[in-house]
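Have a look at the structure below, then the notes.
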Amino acid sequence: MLSNPKLVLVQGALNVVMKQNVTLSCLSESAFPPVRYTLFKHNQQVSALNRSDLTPALFTLTINSASDVGEYKCKAEYIISSGGKYSNSLNFTLIEKFKSTRPSTSFTSTVNAEESENEVIYTEIGNLEDPDLTENRHTTKF
């Protein structure tokens with residue numbers, strides 16, 4: 001009997017930047033080959049692979065735009081029958097990188113700013129590998 005597959009991030013991160021590659025693994029552990037694995041983003045098919053052995057289907061994605069982030073799921077189904085089962089979901093979030101005008105060392109700074117009734121929190125995280133790149137994350141609280 002076919003079990004719900006597991007969708008696992010094997011390369012990359014759930015917080016992504018533009019042009020980043022991520023690899024997802026999809027496997028139904030109780031499936032007998034051949035099995036078709038289909039990757040979906042927001043219920044729309046992205047890619048499909050047929051597996052004739054017990055190895056997982058690997059899907060490599062490149063985040064090229066904001067439309068590439070969001071919720072992904074995979075589906076496992078026997079090739080010779082209809083139906084199938086869905087996996088857990090993984091949700092990708094886009095983070096921005098920007099050029100910093102400050103010299104970068106290993107630092108973390110938080111700046112709170114209030115405007116009307118909203119509070120915006122900005123966090124800059126220095127990047128030691130490329131001192132000119134800094135991650136920018138912000139959260140708005142209402």
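These numbers come from a predicted model, not from an experiment. Residue numbers run from 1 in the order of the sequence given.
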In this structure, SG of C74 is separated from OH of Y86 (nearest 0.5 Å) by 10.0 Å
Any chain of hydrophobic side-chain contacts (each under 4.5 Å) joining L9 to Y37? yes
I'd like to check V35 versus N50 (side-chain heavy atoms, cut-off strictly below 4.5 Å). Are they in contact? no
If you count heavy atoms of other groups shown closer than 6.0 angstrom to CG of D53, is the number above 12? yes
E71 side chain reached by S89 side chain, heavy atoms, under 4.5 Å: yes
Distance col, row K85:NZ vs S28:OG, nearest 0.5 angstrom, shows 8.0 Å
Examine L2 and L49 and state if one hydrophobic cluster contains both, with Ile, Leu, Val, Met, Phe, Trp and Tyr joined whenever side-chain heavy atoms are less than 4.5 Å apart. yes
Does the side chain of V16 come within less than 4.5 Å of I95's, by heavy atoms? no
Aromatic ring proximity F92/Y72, centre distance under 6.0 Å: yes
If you define the side chain from C-beta out and look only at heavy atoms, does anything of L14 sit under 4.5 Å from L90? yes
One should read off an interatomic distance between Q45 CD and F40 CZ, to the nearest 0.5 angstrom, of 5.5 Å
Taking the side chain as every heavy atom from C-beta outward, state whether P5 and L27 have any pair of such atoms under 4.5 Å apart. no
Residue among I63, L61, T62 satisfying side-chain contact (heavy atoms from CB on, under 4.5 Å) with N21: T62
Taking the side chain as everything from C-beta on, heavy atoms only, tell me whether Q11 gets closer than 4.5 Å to Q20. no
One should read off an interatomic distance between K6 NZ and S25 OG, to the nearest 0.5 angstrom, of 11.0 Å
Spacing of R36 atom CZ and R51 atom CZ [to the nearest 0.5 Å]: 13.0 Å
Shortest non-hydrogen contact from T38 toward A48: OG1-CB, 3.9 Å
Roughly how far, to the nearest 0.5 Å, is CE of M1 from OG of S30? 8.0 Å
Check: L7 and L39 side chains under 4.5 Å, non-hydrogen atoms: yes
Between P34 and Y78, is there a side-chain heavy-atom distance shorter than 4.5 Å? no
In the single-linkage hydrophobic clustering (I, L, V, M, F, W, Y; side-chain heavy atoms under 4.5 Å), do L94 and V22 co-cluster? yes
